[in-house]
Amino acid sequence: MLCLLLSFYQKPMSIFVPETSKNCLHSDNFDGLLLASNSTVSTMIKQFLAKIPRKSSKSNSPDADGGSSSSSTTTDVGNNGFINTYNAISSRLNSVKQMSSSIFPASIMSGGEMIDPHVPFKDVQNSGKLRLLISKLNLCSKLYDFHNQDQDSTEKDIKRQTLSEIIDFFSSESPKVSEPAMFAICKMCGNNLFRDFPPKRFSYSPCGEKEDEEPSFDPAWSHLRLVYEILLRFLSQSSVDPKIAKQYIDHSFILRLLDLFDTEDPRERDCLKSVLHRVYGKFMVHRPFIRMVVSNIIYCFVFETEKHNGIAELLEIFGSVISGFALPLKNEHKMFLLRALVPLHKPKSVGLYHHQLTYCVVQFIEKEPKLSSAVIKGLLKFWPITSSQKQLMFLSELEELLEKIHTDEFEKIMVPLFQRINCCLRSTHFQVAEQANFLWNNEHILHLIMCNRHVIIPIVYLSIEQNSQNHWSRAVLNLAQNMLKTLNDVDHELVLSCQGQSEEDKSKSTVVAERRRLTWERLENIAGFQPVVGSVSVLEETSACIVSC
């Protein structure tokens, strides 16, 4: 090789041009071009030779490249030197190209390949951070068995650290999430969150609370908490375009997300509440579907299973949703109130979600007070008879509804309403009777009663009078006496009329009781004088014959 280079410098420089090219050029122009370019080509070759290693491999030899001096069609030594040098340079460049392609695949060099997920975000340029994010999300998509804490402990710790890195990345960078990254986030969250819960038997105490001492907690919560945080931060990004993201946060994703509300872990239900609220606010196109699915969950709970852990959280979300409804209310929203919310008073476990249910119902009444009469009718339909704890809850809700009702709507339901309140006033449970008397302490309710006292007072007067005389609870006795005093001050003539009516009713009831007593005595005397045949009386045989006929 050294001899070849020496001979190359000793000979005058010339350019090798194929014969066909020479024929195509004019001879005079070609000779001038040839002389002008000798010095330029010489400089270029010197630069190339300075970069070539002194010792070349066999693969870089001219013979290995298939370009030997014997195959050249020209006999000029300068041309042969140029060709050999060119072949050596080409072979070297090909070798370098092969080496680079083996270390960096073509897909990486073009920007399509992922980066090692263990690389920190700070060690990657901004252009590669989204690709690194996708690599880390793919790493976190792998699931592990958390019921066995000792199994795959190292991999679990790596996954937890990676999830924390992703959260920090969303917190500090606020990246513009690309479409592949959206897909990777939804895939990772779906793989980790969407799962089947083990069956569990529900049992409730008389007041509607679960009898379990404490809820069961998911052993994988250390990872699930981070996954929920990533999903929430992704939905909170202002750069996320809902028109693109709805392709991945679709109906199937939302349906499975709502199914997770049946989890027994209260911590997960709190996270789901935040996520669903964010989804409802960001994706307007999905709002009707979310309302429909929640309605179906309530229907299944009320009319089929009466078993669901997340009714309170769903109602809490819908409390803020209802407050944002535009007026006038759509028929869809009214049907949700009458067909979903009102029947929720029926299940035994109403105590678990009654506070949220009352808030939702009151929000509807504030939006459209004309619905109050229909709601109270539904409340009376599902009124509890034997459960004093549920009666207390219904009375407290009834007080809130009556505070919002208008006079014309109150007149529609006042008769059946105070017939039910009259039963509560006669209750032997002192808290129920006391709560029923507390309705009179509300100024708005008292105003409604006094405006319609000629209809309402005759319904409840007898119960109030009895409580003021002989109720066993001193608190109820005092409340009843104060109520009678208020009625006397407002309308004494009406009270006298009610007293006369009550005395007449008492005399009638006395006559009926005496008639009933005499009838039983007569039957007992008839039964006592019947002769006995064997071991069976004649009266019993006659009755048996009549029944058989």
Side-chain angles (χ1 to χ4, degrees), residues 117 134 136-164 166-167 181-202 210 212 214-235 245 247-280 283 286 289-290 292-294 296-298 300-301 304-314 316-317 352:
I134 296 174
K136 290 182 179 292
L137 290 169
N138 292 335
L139 174 66
C140 296
S141 296
K142 187 176 181 180
L143 303 180
Y144 299 98
D145 184 12
F146 282 87
H147 292 86
N148 185 359
Q149 296 294 338
D150 297 331
Q151 183 180 358
D152 301 325
S153 59
T154 304
E155 290 79 358
K156 292 176 183 176
D157 190 57
I158 292 174
K159 180 180 177 181
R160 182 184 58 78
Q161 293 177 0
T162 306
L163 290 171
S164 300
I166 296 173
I167 294 175
M182 293 181 188
F183 173 77
I185 291 172
C186 296
K187 178 183 176 183
M188 186 275 293
C189 293
N191 289 344
N192 285 274
L193 300 179
F194 300 154
R195 62 203 188 279
D196 295 328
F197 299 117
K200 182 175 176 60
R201 298 182 62 183
F202 286 69
K210 284 187 181 179
D212 298 339
E214 60 181 12
S216 60
F217 298 101
D218 199 314
W221 179 246
S222 59
H223 284 196
L224 294 176
R225 177 183 64 83
L226 300 176
V227 174
Y228 277 114
E229 184 69 20
I230 291 172
L231 181 57
L232 187 60
R233 290 183 181 273
F234 163 68
L235 294 172
Q247 303 176 14
Y248 309 103
I249 310 258
D250 55 1
H251 286 180
S252 176
F253 187 94
I254 294 173
L255 184 62
R256 300 204 64 181
L257 189 70
L258 288 169
D259 289 339
L260 294 176
F261 275 90
D262 200 18
T263 178
E264 295 182 4
D265 196 332
R267 302 169 301 180
E268 184 171 6
R269 295 200 299 269
D270 287 338
C271 292
L272 283 166
K273 182 174 60 177
S274 301
V275 170
L276 183 60
H277 192 275
R278 183 69 62 179
V279 170
Y280 191 91
F283 299 94
H286 291 329
F289 179 78
I290 293 175
M292 182 190 69
V293 175
V294 172
N296 292 337
I297 292 174
I298 294 176
C300 182
F301 169 72
E304 295 183 12
T305 63
E306 292 194 4
K307 298 177 182 179
H308 199 282
N309 294 301
I311 298 297
E313 285 76 13
L314 290 173
E316 188 171 348
I317 295 171
L352 296 174

Do [X] and [Y] come close enough that some side-chain heavy atom pair is under 4.5 Å?
X: Asp270; Y: Lys273; result: yes
X: Thr162; Y: Ile158; result: yes
X: Asp218; Y: Glu264; result: no
X: Phe289; Y: Ile254; result: yes
X: Phe183; Y: Gln247; result: no
X: Asn309; Y: Thr263; result: no
X: Trp221; Y: Glu268; result: yes

**OP:** Check Met188 against Leu137 and note the closest heavy-atom contact, atom names and distance.
**Re:**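 Result for this residue pair: CG-O, 3.5 Å.
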Original post:
If every non-hydrogen atom of Phe197 is compared with every non-hydrogen atom of Asp259, which pair is closest and at what distance?
Top reply: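 In this case the closest contact between Phe197 and Asp259 is CE1-O, 3.9 Å.
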Approximate separation, where rounding is to 0.5 Å, of [X] [atom1] and [Y] [atom2]:
X: Ile166; Y: Ile230; atom1: CD1; atom2: CD1; result: 4.5 Å
X: Glu306; Y: His308; atom1: CD; atom2: NE2; result: 13.5 Å
X: Leu226; Y: Gln161; atom1: CG; atom2: CD; result: 11.0 Å
X: Ile249; Y: Phe283; atom1: CD1; atom2: CZ; result: 5.0 Å
X: Leu235; Y: Ser274; atom1: CG; atom2: OG; result: 11.0 Å
X: Met292; Y: His286; atom1: CE; atom2: NE2; result: 12.0 Å

Subject >> Glu229 and Arg233 ion-paired at < 4.0 Å >> reply: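 Looking at Glu229 and Arg233, the cut-off is met.
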Original post:
Going through the checks in order, is the side chain to side chain contact (heavy atoms under 4.5 Å, CB included) test met by Leu258 and Leu314?
Top reply: CA-CA 9 Å; Leu258 288 169; Leu314 290 173; 4.1 Å; yes
Subject >> Worked verdict on Ile297 versus Phe261 for side chain to side chain contact (heavy atoms under 4.5 Å, CB included) >> reply: CA-CA 10 Å; Ile297 292 174; Phe261 275 90; over 6 Å; no
Original post:
Looking only at atom types and distance, does a side-chain atom of Asn192 sit under 3.5 Å from a main-chain N or O of Cys140, one as donor and one as acceptor?
Top reply: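 The answer is yes, because a donor-acceptor pair under 3.5 Å joins these two groups.
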Original post:
Hey, does the side chain of Lys187 reach the backbone of Asn138 with a donor-acceptor pair shorter than 3.5 angstrom?
Top reply: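 Judged by distance alone, no pair lies under 3.5 Å.
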**OP:** Evaluate the ring planes of Phe194 and Phe253, with Trp represented by its six-membered ring, and classify them as parallel (under 30°), tilted (30 to 60°) or perpendicular (over 60°).
**Re:**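 Geometry flag for Phe253 against Phe194: perpendicular rings.
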**OP:** Start with the C-alpha distance between Arg225 and Leu163, add both sets of side-chain angles, then the distance that settles side chain to side chain contact (heavy atoms under 4.5 Å, CB included), and finish with yes or no.
**Re:** CA-CA 10 Å; Arg225 177 183 64 83; Leu163 290 171; over 6 Å; no
**OP:** Quick one: do Asp157 and Arg160 satisfy salt bridge (charged side-chain N to carboxylate O under 4.0 Å, His left out)? Show the steps, please.
**Re:** CA-CA 5 Å; Asp157 190 57; Arg160 182 184 58 78; 2.5 Å; yes
**OP:** Would you please indicate yes or no on a ring centroid separation below 6.0 angstrom for His223 and Phe146?
**Re:**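 Ring centres of His223 and Phe146 closer than 6.0 Å.
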Subject >> Steps toward side chain to side chain contact (heavy atoms under 4.5 Å, CB included) verdict (Leu276, Ile290) >> reply: CA-CA 9 Å; Leu276 183 60; Ile290 293 175; 4.2 Å; yes
